Amino acid sequence: MTTIAIAAPGAMGAAVGAVLVQHGARVIAPLSQRSAPSQQRAQQANIVDCSAEALCEADIILSILPPESALSWAQQMAPFLQAAAHKPLYVDCNAISPETLKQVAQVIESTGTPFADAAIIGLPPGAHNPQGPRFWFAGPHAARLAQLSDLGLRVRVMSADNGAASALKMAYAGINKGITLLTSAMLINASRVGAAEALREEMQDSQQALLQRMAKATPDMLPKAWRWAAEMDEIATLNQGELATDQLYRALGEVCRQLADDQQQDQQFNSLLAAFFQPEADKAG
């Protein structure tokens, strides 16, 4: 039986773990320091609790974390991996730039542990996304991960070096999430000065597909804005200096933080966006 370790069974990690278990894998994760909701998700997914040191006994370690934790978690794992007689394949699945990935790889590979680059594109598997996200793998050990398709994951192996999967994730998120953030910011700005109704009418006439997309994407984005901020910061480092995209995505990271702060305060931005899309909701009802 294949044993797969998951760094932190949050919403994505627990859902991926559940799929792997359902298809015959043994999935382990350190749960003692996790929040009660995370522990409950893991238990429902039949993920087995273990120590951080015991993760080294797995065949594969999937690091699925908030992007700001990718490097620090690798540093925490390095002493255990250094001491381990058995070296699992360490796969970084986080939304980090190729530059950050290079730092993570250096930490892991210095312990003699094989390393692979991965991108997860799509929502966690579940009732609303039965197919699950797609996993893209790159690097010299990526071919070993094709076996995960037999364990219920949608797998694509890239003929590319480490960093390519991370660049793919950054580019895709920069387009997909960048459109959502930039459009949301403009909807707020227009609403602030009384132009919401006219903008909605104009978009209904000339940008109907975008309007419909935003009516769905914006409510989904708002509670995740705090997580998106670090991802925008990572995207800003992609090919930094060649184009002014670093400035653009740092600014979008600040928009994320403002939206996240608004969620915890008076929710003015949230209210403006909800009011903008209310006609769409009424029409759907």
Side-chain angles (χ1 to χ4, degrees), residues 10-12 15 66-67 95 97 119-134 136 154 167-236 238 243-285:
M12 178 65 79
S97 70
I120 304 176
I121 297 182
L123 298 174
H128 297 293
N129 186 28
Q131 282 193 312
R134 193 188 302 273
W136 292 83
R154 300 171 65 206
L168 166 65
K169 174 67 174 177
M170 294 292 93
Y172 185 87
I175 295 168
N176 188 42
K177 295 179 180 178
I179 288 171
T180 298
L181 289 168
L182 184 60
T183 306
S184 294
M186 290 301 101
L187 299 185
I188 290 169
N189 288 342
S191 298
R192 283 286 202 201
V193 294
E197 185 176 348
L199 178 59
R200 185 170 53 249
E201 180 180 340
E202 181 57 44
M203 291 184 71
Q204 183 65 47
D205 182 60
S206 61
Q207 298 287 341
Q208 188 175 72
L210 178 58
L211 181 62
Q212 292 174 349
R213 178 189 190 276
M214 290 304 299
K216 181 178 183 298
T218 301
D220 183 62
M221 171 272 295
L222 288 169
K224 302 174 184 175
W226 66 275
R227 285 198 289 111
W228 285 21
E231 192 168 348
M232 294 301 112
D233 293 342
E234 289 290 327
I235 294 170
L238 185 63
L243 291 170
T245 51
D246 56 338
Q247 301 172 47
L248 170 63
Y249 284 95
R250 284 198 186 92
L252 289 178
E254 287 306 307
V255 170
C256 288
R257 293 181 179 92
Q258 289 180 298
L259 292 172
D261 288 344
D262 180 70
Q263 291 282 304
Q264 303 300 318
Q265 297 176 12
D266 55 14
Q267 298 192 7
Q268 289 188 27
F269 298 151
N270 187 85
S271 297
L272 289 171
L273 289 168
F276 186 93
F277 292 114
Q278 192 61 46
E280 290 295 309
D282 291 344
K283 188 183 300 181

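None of the values given here were measured: they were computed from a predicted structure.
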query = So M232 and V255, side-chain contact (heavy atoms from CB on, under 4.5 Å) or not? Walk me through it.
reply = CA-CA 10 Å; M232 294 301 112; V255 170; over 6 Å; no

task = State whether the side chain of D262 and the backbone N or O of Q267 hold a donor-acceptor pair below 3.5 Å, judged by distance alone.
result = yes

message = Under a 3.5 Å distance rule, please check whether R134 uses its side chain to pair with a backbone N or O of G122 as donor and acceptor.
response = no

Min side-chain heavy-atom separation L259-W228 under 4.5 Å = no

task = First locate atom CG of L222, then atom CZ of F269, and finally report the distance between them rounded to the nearest 0.5 Å.
result = 11.0 Å

ask   = So, D220 and K216, do they make that salt bridge, N to O below 4.0 Å?
value = no

query = So which heavy atom on A11 is nearest to which on P124, and how close?
reply = O-CB, 4.0 Å

query = So, for L181 and M221, which heavy atoms are closest and what is the spacing to 0.1 Å?
reply = CD2-SD, 4.1 Å

query = Considering all heavy atoms of both residues, which atom of D233 and which atom of G253 are nearest to each other, and what is their separation?
reply = OD1-CA, 4.3 Å

query = Just how far is it from atom CG of L211 to atom CG of D205, taken to the nearest 0.5 Å?
reply = 11.5 Å

ask   = Taking C-beta and beyond as the side chain, do P130 and P125 meet within less than 4.5 Å on heavy atoms?
value = no

request  = Locate the shortest heavy-atom distance separating A171 from L238; write the atom from each residue and the value.
outcome  = N-CD2, 4.3 Å

ask   = Are there more than 12 heavy atoms of other residues, nucleotides or ligands under 6.0 Å from atom CD of Q265?
value = yes

task = Would you mind checking if R257 and D261 are paired as a salt bridge, meaning a charged N to carboxylate O distance below 4.0 Å?
result = no

query = CD/Q263 to CG/N270 distance, rounded to the nearest 0.5 angstrom?
reply = 5.0 Å

request  = Answer yes or no: is there a donor N or O on one side and an acceptor on the other, between the side chain of K169 and the main chain of I121, under 3.5 Å?
outcome  = no

key: Side-chain heavy-atom pair Q207, T183 within 4.5 angstrom cut-off   = no

key: Minimum-distance pair of heavy atoms, taken over all atoms of E234 and S97   = OE1-N, 2.8 Å

request  = Starting at CG of L248, measure out to CG of L243 and round the result to the nearest 0.5 Å.
outcome  = 10.5 Å

query = Counting distance only, does the side-chain N/O of R250 pair as donor-acceptor with the main-chain N or O of A236 below 3.5 Å?
reply = no

remark   = To the nearest 0.5 Å, atom CG of L252 lies from atom CD of Q247 at 12.0 Å

task = Check whether the side chains of R192 and Q268 place a donor and an acceptor atom closer than 3.5 Å, and report yes or no.
result = yes

Considering all heavy atoms, the nearest I175-Y249 contact = N-OH, 4.3 Å

Whether over 12 other heavy atoms sit under 6.0 Å from E201 CD = no

From CG (L123) to CD (Q131), nearest 0.5 Å = 12.0 Å

inquiry  = Less than 4.5 Å apart, side chain to side chain, heavy atoms only: is that true for R200 and L187?
reply    = no

key: Heavy-atom side-chain contact between R227 and P66 under 4.5 Å   = no

key: Validation row: E231, C256 side chains within 4.5 angstrom (heavy atoms)   = no

